[in-house]
Amino acid sequence: MSPEPGLGVYVHIPFCLRKCPYCDFASVRYHDGLADRYLDALRGEIDTLAPAGRPVATVYIGGGTPTTLGPERLGRVVEWVRSRHEVRPDAEVTIEANPGAFKPHFAEVLLDSGVNRVSVGVQSFDGAVLRSLERIHSSAESLQALAVARRFPTWSLDLMFGVMGQSLEQAIRDAQLAVESGASHVSAYCLTLEEGTPLHARVSQGLTPPPDPGLQRAMFEAVGDTLEAAGLRRYEISNFARPGHASRHNLAYWRRQEYTGYGASAHSYIGGERRWNVPDPTAYVGRVEAGAAPEAGREAETPQTRYLETLMLGLRMRAGVGLEELTRLATKAGEAGFEDRVASQEALGWLERIEGRLRLTRQGLPLGDSVIRALA
Ligand code: SF4
């Protein structure tokens with residue numbers, strides 16, 4: 001029997017220096033007063049709600065922009081997690097960093113706290129693309145941040161493609177520069193228009209032209225080919241890694257392993273139940289200060305949700321999902337016609353079976369979300 005996978009721990013830091021117009025993450029503009037109260041609340045939540053008796057395999061401090069807190073306060077957050085959880089000596093401990101803020105002092109403090117993985121939100125090395133995204137950092141600041149990230153055993157950078165005004169050549173150049181930077185991991189996301197964001201509103205009102213889906217698809221393929229040709233293997237629709245550098249924390253999500261989350265909007269999945277915290281940082285702080293749980297809701301898994309999540313998360317991975325297990329879950333969920341739906345996506349060339357696993361084909365990868373929807 002394989003050993004029980006360790007627990008994942010996620011901590012949400014909901015602050016950014018300025019809100020990007022395309023972003024729908026739970027984050028607000030940083031200010032000292034709220035940040036101090038938020039950290040006290042976070043510590044309170046970790047102290048009271050940490051589930052006992054589960055060794056931790058991965059810790060992920062994400063946001064927002066965790067680096068708005070500065071290295072000392074971030075180091076303390078890692079220490080609080082360690083004080084309430086048995087974090088395994090070989091645990092992966094990740095911090096998300098934004099260029100501009102991520103200076104050499106971060107490496108000194110965070111390496112001491114046991115952080116061994118950094119993910120830098122570069123988005124693009126091209127000044128025009130950064131301006132189109134209204135990012136507040138420059139490509140020179142990205143290069144400085146990457147010089148700091150190199151001191152960590154694993155370091156990743158995020159790229160964004162499909163940005164308004166971005167050419168195919170610019171997207172390929174970004175992928176080439178990511179390779180040249182020596183990153184051990186790259187996440188490459190296509191810009192999506194999320195409802196409720198200023199960018200979505202501008203496009204809906206005709207003030208900004210919408211991204212071109214044909215060009216976005218060409219970029220998906222060209223960026224992926226560039227990264228893979230350089231030895232960064234695609235292990236998930238948007239994620240590429242050199243051998244041994246895939247994100248263990250994110251793989252655990254896609255494999256539906258258990259995790260606990262702290263902070264505003266954080267989700268947990270433990271004992272067949274999902275629960276989530278209030279998304280608004282001020283509401284989160286208010287609840288914890290009043291001695292109440294910050295939880296906004298919880299839901300027990302059902303055969304349907306187990307089937308759908310296994311399908312949706314499993315097919316994101318290049319390794320795909322065990323077909324026998326998926327068929328068993330579909331039957332339990334009363335999903336009549338599952339096998340016919342798989343067969344029709346196979347006939348279209350979007351799905352394939354490899355050694356008992358079902359996965360997206362190379363042609364199916366850029367259409368991943370719609371293939372998954374057709375199966376669900
Ligand atoms: S820095 Fe990241 S989390 Fe913050 S607003 Fe921009 S995209 Fe969203």
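In what follows, residues are counted from 1 in the order of the sequence shown. Just so you know, ligand 1 is whichever comes first in the structure, and atom 1 is the first atom listed for that ligand.
With respect to atom 7 (S) of ligand 1, the closest heavy atom belonging to the protein is Arg135 NH1, 3.5 Å.
For ligand 1, the atoms sitting less than 4.0 Å from at least one non-hydrogen atom of Cys23 are 3 (S), 5 (S), 7 (S), 8 (Fe), numbered in the order shown with element in parentheses. Of all atoms in ligand 1, listed by their number and element, those nearer than 4.0 Å to a heavy atom of Asn98 are 1 (S). Of all atoms in ligand 1, listed by their number and element, those nearer than 4.0 Å to a heavy atom of Phe25 are 3 (S). Contact atoms of ligand 1 toward Thr65: 1 (S), 4 (Fe) (distance under 4.0 Å to a heavy atom of the residue). Residue-ligand proximity, Cys16 to ligand 1, at heavy-atom distances under 4.0 Å covers atoms 1 (S), 3 (S), 4 (Fe), 5 (S).
Contact check on Arg328 versus Glu325 returns a salt bridge, with a Lys/Arg side-chain nitrogen under 4.0 Å from an Asp/Glu carboxylate oxygen.
The shortest side-chain heavy-atom distance between Leu159 and Val186 falls under the 4.5 Å cut-off.
Aromatic ring centres of Tyr235 and Phe240 lie farther apart than the 6.0 Å criterion allows. In summary, the aromatic rings of Tyr253 and Tyr259 are positioned with their centroids under 6.0 Å apart.
Closest heavy-atom approach to atom 5 (S) of ligand 1 within the set Gly121, Pro14, Cys20: this belongs to Cys20.
Ring geometry for Tyr30 versus Phe15: interplanar angle over 60°, hence perpendicular rather than tilted (30 to 60°).
Side-chain polar atoms of Thr302 and Thr305 form a donor-acceptor pair below 3.5 angstrom.
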